[in-house]
Protein chains: 2
Amino acid sequence: MDAVFKALADPNRRALLDQLHLQNGQTLHQLCRHLLMTRQGITKHLGLLVKADLVVPLWRGREKLHYLNPAPLKQISELWIDKHKAACLRALTDLTKGLDALKPEPN
Amino acid sequence: MDAVFKALADPNRRALLDQLHLQNGQTLHQLCRHLLMTRQGITKHLGLLVKADLVVPLWRGREKLHYLNPAPLKQISELWIDKHKAACLRALTDLTKGLDALKPEPN
DNA sequence: GCGATATGCAACCAACTGGTTGCATATTTG
DNA sequence: CAAATATGCAACCAGTTGGTTGCATATCGC
């Protein structure tokens with residue numbers, strides 16, 4: 001869970017996910033073409049994505065294919081985002097109540 | 001957008017959001033009681049949350065109240081998570097296809 | 001007004017991050 | 001087998017991050 005948030009924190013890694021979203025199952029060298037960085041740098045980013053289980057690697061001969069795994073994103077969305085979305089109205093009313101409490105001196 | 005992902009990357013900041021979710025509009029000192037860290041440390045974390053617009057501060061006298069703003073989370077959920085969730089089935093079939101392609105030698 | 005309370009700001013530090021270079025290993029191809 | 005291709009691993013380096021300490025400022029209560 002923490003690994004997923006950390007993995008999503010970097011724009012390069014999000015770009016990698018986007019790239020895989022565009023064409024799934026790309027090899028490391030294919031992914032390198034879209035991101036200006038050394039191959040080893042990309043390997044590190046992919047390592048974090050794999051550790052967060054957002055990407056699943058698959059060896060085919062000397063090539064390593066990378067596939068998206070949408071499960072963690074779904075989980076985060078459900079466990080975290082929706083929880084706060086549900087409190088949307090409450091939060092807004094809280095805030096406006098706070099603002100009202102600020103000005104009880106209209107004299 | 002990037003600021004939101006970065007802000008969510010730290011467990012302490014997520015804990016702060018959780019705490020505010022539990023009781024909205026808490027003051028800095030109130031938030032300090034739930035997280036073992038110096039007040040200044042928490043101030044820094046809150047600063048990032050405010051910069052990401054996930055938290056809105058509100059001064060009342062010498063106290064600074066902190067309110068949740070659910071808008072950025074909603075936006076992320078819609079713009080990012082759902083995009084990948086939509087590709088859920090496709091991603092899975094891609095992966096299983098990749099797995100199948102691995103073993104075309106059953107002889 | 002004065003002490004206590006609530007917060008801000010800046011400097012500093014260790015640890016982590018993002019990225020590189022260099023070299024090793026495995027697989028494919030001719 | 002040898003050359004080329006695809007990848008891994010480790011060391012290193014600069015910049016950022018997470019957290020601290022120290023001191024300044026503003027507001028409340030007596």
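Side chains included, hydrogens not; waters and symmetry mates left out as well; all remaining heavy atoms used.
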Item to check | Listed nucleotide nearest any side-chain atom of B:Met37, set D:dG19, D:dT7, C:dT7 | outcome: D:dG19

Checklist entry - Do B:Gln40 and D:dG22 share a donor-acceptor pair, side chain to base, under 3.5 Å? => result yes

Checklist entry - OP1 or OP2 of C:dT17 less than 4.0 angstrom from a side-chain nitrogen or oxygen of A:His45, does that happen here? => result no

Item to check | Sub-4.5 Å side-chain heavy-atom contact between A:Asn69 and A:Leu54 | outcome: no

Item to check | Nearest-neighbour nucleotide for the A:Asp10 side chain, D:dT20, D:dG18, C:dG18 considered | outcome: C:dG18

Checklist entry - Is the shortest side-chain N/O distance from B:Thr27 to OP1 or OP2 of C:dT7 below 4.0 Å? => result yes

Checklist entry - D:dT5 phosphate, OP1 or OP2: any side-chain N/O from A:His29 under 4.0 angstrom? => result no

Checklist outcome for this item: To the nearest 0.5 Å, atom NE2 of B:His29 lies from atom CD1 of B:Ile42 at 10.0 Å

Item to check | Any A:Lys44 side-chain nitrogen or oxygen under 4.0 Å from OP1 or OP2 of D:dG8 | outcome: no

Next on the checklist: With a 4.0 Å cutoff (strictly under), does any side-chain N or O of B:Asn12 reach OP1 or OP2 of D:dG19?
Outcome noted: yes

Checklist entry - Atom CD of B:Gln26 and atom C1' of C:dA6: how far apart are they, to the nearest Å? => result 15 Å

Checklist entry - Closest to the B:Trp59 side chain: D:dG19, C:dG18, C:dT7? => result C:dT7

Checklist entry - Can you tell me if the side-chain N/O atoms of B:Thr38 get under 4.0 Å from OP1 or OP2 in D:dT20? => result yes

Checklist entry - Can you tell me if B:Gln26 and B:His66 form a side-chain donor-acceptor pair at under 3.5 Å? => result no

Item to check | B:Thr43 vs A:Ala9, nearer the 5' end of DNA chain C by closest nucleotide | outcome: B:Thr43

Checklist entry - Please give, in whole Å, the distance from D:dG18 P to B:Leu36 CG? => result 16 Å

Checklist entry - Choosing from C:dG18, D:dG8, D:dG18, which nucleotide comes nearest the side chain of A:Leu48? => result C:dG18

Checklist outcome for this item: Between NZ of A:Lys64 and P of C:dT25 the distance, given in whole Å, is 18 Å

Checklist entry - Which comes earlier along DNA chain D counting from the 5' end, the contact point of A:Glu63 or that of B:Gly41, where each point is its nearest nucleotide? => result A:Glu63

Item to check | Rounded distance in Å - CG (B:Leu8) to C1' (D:dT17) | outcome: 16 Å

Item to check | Length of the CG-P vector between A:Leu65 and D:dA6, whole Å | outcome: 12 Å

Checklist entry - Checking only heavy atoms, does the side chain of A:Arg39 share a donor-acceptor pair with the base of C:dG19 at less than 3.5 Å? => result no

Next on the checklist: Between the base of D:dT5 and the side chain of A:Arg62, is one N or O donor paired with an acceptor at under 3.5 angstrom?
Outcome noted: yes

Item to check | A:Leu17 CG to A:Leu8 CG distance, which is reported to the nearest 0.5 Å | outcome: 6.5 Å

Checklist entry - D:dG19 P sits how many Å from B:Leu46 CG, rounded? => result 12 Å

Item to check | Nucleotide C:dT17, atom C1' - distance to CG of A:Leu49 in whole Å | outcome: 15 Å

Item to check | Distance in angstrom units between A:Arg60 CZ and C:dA26 C1', rounded | outcome: 16 Å

Next on the checklist: If I take atom OG1 from residue B:Thr43 and atom CD from residue B:Gln40, how far apart are they, to the nearest 0.5 angstrom?
Outcome noted: 6.5 Å

Checklist outcome for this item: Rounded to the nearest 0.5 Å, the CG atom of B:Leu73 sits from the CD atom of B:Glu78 at a distance of 11.0 Å

